[in-house]
There are 6 protein chains.
Amino acid sequence: MTTAPHAAVTAAPVPAQSTYQTRVADYWNAEENPVNLELGQIDDLYHHHYGIGAADWTVLDEPDPGLRRERITAELHRLEHAQAELLAGHLGPLSPADRVFDAGCGRGGGSVVAHLRYGCHADGVTISAKQAEFANGQAHKRCIDAKVRYHHRNMLDTGFASGAYAASWNNESTMYVELDLLFAEHARLLRRGGRYVVITGCYNDTYGRASREVSLINAHYICDIHPRSAYFRAMARNRLVPVHVEDLTEAAIPYWELRQQADHLVTGIEDTFLTAYKNGSFQYLLIAADRI
Amino acid sequence: MTTAPHAAVTAAPVPAQSTYQTRVADYWNAEENPVNLELGQIDDLYHHHYGIGAADWTVLDEPDPGLRRERITAELHRLEHAQAELLAGHLGPLSPADRVFDAGCGRGGGSVVAHLRYGCHADGVTISAKQAEFANGQAHKRCIDAKVRYHHRNMLDTGFASGAYAASWNNESTMYVELDLLFAEHARLLRRGGRYVVITGCYNDTYGRASREVSLINAHYICDIHPRSAYFRAMARNRLVPVHVEDLTEAAIPYWELRQQADHLVTGIEDTFLTAYKNGSFQYLLIAADRI
Amino acid sequence: MTTAPHAAVTAAPVPAQSTYQTRVADYWNAEENPVNLELGQIDDLYHHHYGIGAADWTVLDEPDPGLRRERITAELHRLEHAQAELLAGHLGPLSPADRVFDAGCGRGGGSVVAHLRYGCHADGVTISAKQAEFANGQAHKRCIDAKVRYHHRNMLDTGFASGAYAASWNNESTMYVELDLLFAEHARLLRRGGRYVVITGCYNDTYGRASREVSLINAHYICDIHPRSAYFRAMARNRLVPVHVEDLTEAAIPYWELRQQADHLVTGIEDTFLTAYKNGSFQYLLIAADRI
Amino acid sequence: MTTAPHAAVTAAPVPAQSTYQTRVADYWNAEENPVNLELGQIDDLYHHHYGIGAADWTVLDEPDPGLRRERITAELHRLEHAQAELLAGHLGPLSPADRVFDAGCGRGGGSVVAHLRYGCHADGVTISAKQAEFANGQAHKRCIDAKVRYHHRNMLDTGFASGAYAASWNNESTMYVELDLLFAEHARLLRRGGRYVVITGCYNDTYGRASREVSLINAHYICDIHPRSAYFRAMARNRLVPVHVEDLTEAAIPYWELRQQADHLVTGIEDTFLTAYKNGSFQYLLIAADRI
Amino acid sequence: MTTAPHAAVTAAPVPAQSTYQTRVADYWNAEENPVNLELGQIDDLYHHHYGIGAADWTVLDEPDPGLRRERITAELHRLEHAQAELLAGHLGPLSPADRVFDAGCGRGGGSVVAHLRYGCHADGVTISAKQAEFANGQAHKRCIDAKVRYHHRNMLDTGFASGAYAASWNNESTMYVELDLLFAEHARLLRRGGRYVVITGCYNDTYGRASREVSLINAHYICDIHPRSAYFRAMARNRLVPVHVEDLTEAAIPYWELRQQADHLVTGIEDTFLTAYKNGSFQYLLIAADRI
Amino acid sequence: MTTAPHAAVTAAPVPAQSTYQTRVADYWNAEENPVNLELGQIDDLYHHHYGIGAADWTVLDEPDPGLRRERITAELHRLEHAQAELLAGHLGPLSPADRVFDAGCGRGGGSVVAHLRYGCHADGVTISAKQAEFANGQAHKRCIDAKVRYHHRNMLDTGFASGAYAASWNNESTMYVELDLLFAEHARLLRRGGRYVVITGCYNDTYGRASREVSLINAHYICDIHPRSAYFRAMARNRLVPVHVEDLTEAAIPYWELRQQADHLVTGIEDTFLTAYKNGSFQYLLIAADRI
């Protein structure tokens with residue numbers, strides 16, 4: 001497996017991209033949303049996903065405007081971190097000798113969380129060269145770049161060694177790809193008995209087809225949210241067997257309601273998310289599955 | 001088969017709808033876009049689809065505002081009618097004794113076109129009670145309601161007799177449903193050797209996943225556009241074998257460019273369609289297939 | 001749908017059985033284990049499944065032998081009832097007008113629990129004529145036989161009406177049947193959006209094939225425990241989409257450890273269960289899925 | 001990728017053949033039909049397929065016997081060339097840097113046509129060593145052997161590099177092989193978004209099973225004509241998505257009617273082809289598909 | 001189930017036929033080959049299949065020409081009857097109360113053989129009205145028409161009752177139909193645990209695709225011989241599980257070699273059969289399978 | 001292909017085992033049943049499977065106890081050898097240049113039988129290091145270790161070369177593995193047209209699910225007996241096409257009845273086998289299939 005020297009982006013195989021993939025890469029190369037950057041700066045854990053759990057609503061009552069902003073930012077980060085820890089908790093047990101694969105790693109927070117929890121090796125992959133570079137820089141700064149590395153690659157075709165990984169995950173990155181190709185790659189990379197975890201927004205088949213809100217979210221992020229059924233069908237075809245499935249929709253709502261009120265962080269998609277969650281057309285789902 | 005008395009809507013089986021289906025029905029029950037109504041009033045052929053073919057751009061040069069508006073309207077209607085005739089031309093040969101099924105019939109224009117061309121019986125189905133009522137009224141007015149009937153039903157579960165149809169089609173209505181369920185119903189209704197025709201917008205798998213423009217169209221119409229590949233996979237599973245496939249994307253552009261300039265008819269989605277067609281992410285496709 | 005008059009067994013369709021099915025029916029017609037009968041007598045809720053949750057170990061310290069026996073019995077019943085309530089909790093929300101299907105109903109406890117919680121109609125099905133008769137007697141005694149009925153039928157081929165059920169379940173009865181046939185029947189009976197819940201012992205694919213302990217359990221009950229993967233593959237093929245999956249293995253152990261010490265209730269399979277759970281070859285799993 | 005030096009046949013991998021394949025190879029090694037050789041000599045474009053389009057029937061009125069023969073030959077060649085150009089037109093756009101794969105290349109005409117049109121590299125594969133040698137000789141004579149090479153290989157297992165081809169095709173050579181194996185190889189060789197084109201005779205599923213005429217054609221060429229449905233099923237399984245399907249049956253008839261009258265060129269199968277086309281049991285079909 | 005009054009053909013459902021089916025029906029309505037009629041006249045068992053087993057070659061040495069002809073005819077009939085008995089032997093055990101289905105019954109010999117062996121009810125189906133009429137006449141003559149009836153129906157869509165049959169078979173009639181449709185109908189008609197038997201010529205996948213000889217046989221009979229693999233794939237999809245498979249190719253050769261010498265009986269296809277069997281491209285196969 | 005030096009176990013790839021596989025390996029590493037060892041010592045052909053054919057019951061009448069024991073042992077060995085020869089007879093024809101693969105070779109008898117019959121190369125694979133070492137020692141002793149080699153590997157993932165084998169088999173070793181993985185490996189290893197043979201105990205789908213006896217056998221051997229249907233489904237998915245299927249159940253009974261009486265050899269499972277065979281729940285089956 002080719003890996004990156006510290007603070008450098010692996011130049012290796014990024015197979016010929018589709019126009020769509022280029023457009024997604026361009027989006028993330030350009031993305032500098034405060035909700036991602038300001039939160040990450042708190043403790044240098046840059047998450048690219050939403051948060052879960054009960055919110056501390058008192059932060060809104062903070063009279064000092066600067067402090068109020070700071071406390072809201074911290075609270076949202078705390079909720080995002082709780083989500084990352086929930087995911088990481090389903091990866092184990094793992095030992096420091098184990099290797100994990102972070103598919104769609106963004107600015108790298110998830111791999112750091114996994115490494116800090118288990119001491120394991122981590123390979124993060126992102127289609128954005130800028131994200132990979134940023135994340136490698138962070139790993140270098142933390143002096144964990146010997147074990148945690150980020151690669152500018154296509155997560156559907158990583159070029160990594162078969163069976164080399166004890167665990168792998170997608171944290172809100174499956175909506176950019178075809179699930180059969182994605183799960184085939186995870187199944188190839190995971191060793192027998194390895195664990196795969198995904199947290200994702202999916203549309204709810206019992207509601208029907210994708211609602212208007214789901215389509216607006218797709219338009220916002222240039223993504224293509226799958227129905228819940230698609231995950232289980234594609235896992236069944238790729239030797240990934242669920243062992244834990246949890247509907248996190250309720251747990252996700254406080255994060256969005258708080259973020260809705262954070263004028264310095266909103267991206268404009270907050271209302272749409274809340275409507276989608278509340279009208280039953282959209283779900284926030286965790287699936288932990290075993291590679292058999 | 002239960003059919004409607006003239007100018008009345010079949011009250012019969014509309015199976016329990018999903019929330020999504022209710023929302024789509026509400027949309028079409030409320031819809032009164034000039035682009036659908038004003039065009040239809042010209043000759044009482046109410047189409048609910050786009051047009052194809054070269055446009056007569058001179059209509060834009062018409063100095064008299066009222067006449068200009070009228071000529072633009074007529075030209076767009078001519079292009080829509082050309083599309084309907086193209087579709088109908090692929091249904092045959094059919095005899096007056098044959099029966100055809102118009103899945104997602106809207107205000108009924110397509111069934112009338114087929115009847116006028118072949119003299120055949122037609123059953124149109126729409127999820128909108130208002131559209132069915134309107135269409136039956138039109139058929140009554142034309143005195144063809146003995147042979148052309150519209151039903152307020154779910155096209156996935158029509159309750160019509162198996163093998164009773166010589167031909168069937170979807171004209172821009174497949175993006176509201178799951179293709180496997182739809183094609184299973186067409187395969188059930190068509191006799192052996194029967195013909196199925198679909199004209200649809202689909203997203204282009206060679207571009208990648210759904211583009212931002214495709215998602216905006218989905219949000220606009222509360223629909224869920226399928227990738228091109230999904231049509232051929234679902235047909236292969238449902239004994240529908242293509243015999244003619246034609247990419248109508250180029251042929252669709254003049255219609256949209258003309259409509260873009262028709263201030264009295266635009267719905268606001270025109271630019272998005274043109275961008276989607278031109279950046280390669282979206283296609284306007286005709287498939288004619290045989291039921292084997 | 002043919003249903004039973006009160007306190008009588010539906011004589012209707014029990015399709016030609018295989019030798020295997022006859023042998024299973026004979027087993028349950030003859031079965032009179034105290035662990036099923038004595039527990040049920042406490043409150044006339046006859047469960048045919050195991051229990052979950054933390055046990056009150058103080059019951060073992062009870063000095064009076066008769067009381068000790070009574071308290072152990074009550075504690076095991078409490079744990080079994082907790083399992084039934086956990087399952088029932090995943091069926092809803094349901095209204096008194098809704099109908100539920102209890103596949104493999106045994107002596108009928110589960111249907112009563114569902115009825116008491118939601119007021120809904122319930123149809124239980126068992127391959128044992130004696131169980132059906134017993135359960136109908138209980139319903140009569142409770143004066144709920146107008147809404148809760150038990151049928152001596154094959155759960156793979158119930159003859160009940162399509163789409164008539166809002167929810168259905170198997171509580172430790174899937175190991176007697178082929179999952180594809182079972183889930184096809186549930187999918188046929190459930191309305192769109194209906195809920196299916198299963199609690200089952202399954203063997204763990206990450207361990208490998210069925211362990212010796214799993215085979216001993218099979219031999220004990222004349223059943224054929226499926227691997228976990230089989231559930232998800234068969235659901236994917238039958239339009240049942242998981243929304244909640246929970247590994248209850250840990251929660252099941254106290255029940256078995258307590259039962260192991262209940263000399264008046266043991267059936268001899270207790271050690272095998274505990275070994276199987278603890279060596280990782282066997283799991284106690286809950287899956288809640290939606291019919292799409 | 002191993003390629004041939006000029007005017008030499010690649011000796012490389014021709015995997016162990018079945019008896020059937022040996023018999024097909026023997027047939028083509030021995031074949032010297034005037035309809036293939038005399039037509040090719042006109043302009044050194046040796047086609048091994050039929051022609052399409054309207055024929056110039058005046059050639060039959062030519063009074064001079066030698067000239068009549070010559071004009072008939074030229075007219076048939078013109079029609080065959082039109083077919084080759086139609087196919088080649090669906091491969092593009094392509095640049096001189098692109099590489100194309102000609103599966104079942106015969107005496108090599110198709111690869112030359114593609115090269116002349118696009119300037120691209122071409123690899124033709126044939127099971128006949130003699131055809132490969134002949135075709136390489138022609139390429140050498142044209143001084144295009146640096147870019148156009150022919151290989152004596154099995155088209156189901158070429159040994160060429162994965163993803164290396166921008167386009168590929170079968171021109172009347174699919175009836176010798178199992179379609180799933182063939183399309184798997186095309187899908188492997190084509191880059192994402194690459195184009196596959198096939199022109200083939202297929203039997204028509206709406207007619208029923210293979211007609212007597214289809215079987216006589218099979219016997220004549222030692223081939224095994226597939227039903228139309230088989231193409232779409234196998235493409236659906238191999239990530240090849242049709243974008244253009246055209247029934248060329250009508251367009252093929254003039255060629256056969258003219259050839260029927262060409263005493264110096266007939267092979268004896270002409271009447272059978274015409275009967276098969278006209279009784280609806282046989283179709284001449286073009287499919288252009290994208291590798292997704 | 002609608003059945004025929006004695007000596008009359010069931011007029012009931014012969015679903016709309018394809019052109020192919022009409023042509024096959026015409027062939028068999030017109031067929032009067034001595035090899036079928038003269039052999040049948042010996043004992044009124046009209047077989048429409050080939051024979052198996054060692055031949056008594058001394059019949060060729062018979063000096064008297066009339067007697068020689070008679071003895072050859074009798075010997076071929078004996079071999080054909082041996083084949084029918086071999087097939088019938090795999091149907092059982094059956095009781096007189098059981099019902100069997102003879103798919104493609106020809107002039108009816110097989111159903112009579114099964115009835116004589118087991119006393120069971122038999123329903124034969126043929127696409128030829130003339131064959132059905134002839135066979136019913138034979139049953140009447142034998143006074144078994146209360147239990148043995150022939151129907152002019154499509155074996156893919158018999159309209160008979162589901163699960164009503166204890167056994168069913170095809171004796172050299174599968175090459176006229178699509179196997180998935182055929183086996184679906186057998187699976188529907190057979191009760192659980194019922195037995196299906198087929199004797200058929202199939203082409204040998206290890207040889208490759210259909211050989212020239214196989215295509216000539218197809219052309220002779222207007223049939224479409226399947227590869228061996230197709231039988232097992234279609235059975236696997238239709239709950240038919242083989243329990244006995246026997247390659248009868250060697251056992252079939254004496255019949256063909258004797259028939260080759262029977263100038264009064266040859267149909268002209270004899271050499272082709274022998275070549276096909278001997279070059280490995282064609283097999284004569286028996287499969288007995290259970291309906292699960 | 002990496003092969004073993006004489007009398008040594010290939011140390012090469014035994015991929016990470018599941019707990020189940022470790023437990024099976026431990027079982028066979030520890031196994032020293034007289035029925036395997038004493039029989040093998042007779043002629044150094046160590047079989048690990050059951051016998052077939054009529055038994056010589058006179059061995060039981062032998063008055064001398066030592067001789068009686070010896071004769072029983074010899075008779076059981078004769079029956080086991082007959083089974084091995086039956087299997088080996090279906091592998092051919094093979095030449096000394098051919099290579100065969102013995103999947104689950106135990107102490108090596110089958111490979112020796114094949115080698116002695118055909119002179120071919122043989123590679124045996126076992127998950128038990130001790131069995132591989134023992135078998136290589138035997139080959140060395142016979143001086144056939146240049147051609148017959150045993151490997152301590154996983155038969156699902158041998159690491160051997162693709163297409164290198166003319167024949168392969170499992171003799172009572174399929175019940176330890178997932179059939180799809182197994183047949184995929186055989187299909188990979190066999191050349192086109194190669195032969196695969198399996199003799200196995202399977203449970204009978206017409207009986208129903210696995211009987212109590214089948215589960216007891218599973219518990220005894222730590223195996224997981226498949227239903228008969230599973231073999232044909234998995235073969236259909238892996239290009240293995242049956243050409244001979246034979247129910248050996250009847251032929252297996254004498255062996256078990258004799259062994260039942262052999263006090264010095266019984267393992268305790270004899271009664272269970274006989275009950276299972278006789279109640280119809282279990283079958284002893286041979287399948288010979290071709291790799292297409």
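Numbers restart at 1 for each chain; the letters A, B, ... are given by sequence-line order, proteins then strands.
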Sort by residue number and list every member of [range] having a non-hydrogen atom under 4.5 Å from chain A.
range	result
residues 200-220 of chain C	Asp205(C), Thr206(C), Gly208(C)
residues 221-244 of chain C	Arg228(C), Ser229(C), Phe232(C), Arg233(C), Ala236(C), Val241(C), Pro242(C), Val243(C), His244(C)
residues 280-292 of chain C	Gln283(C), Leu285(C), Asp290(C), Ile292(C)

Those residues that, when tested against His47(A), pass side chain to side chain contact (heavy atoms under 4.5 Å, CB included) (two or more places apart): Leu45(A), His49(A), His77(A), Glu80(A), His81(A), Ala84(A), Val113(A)
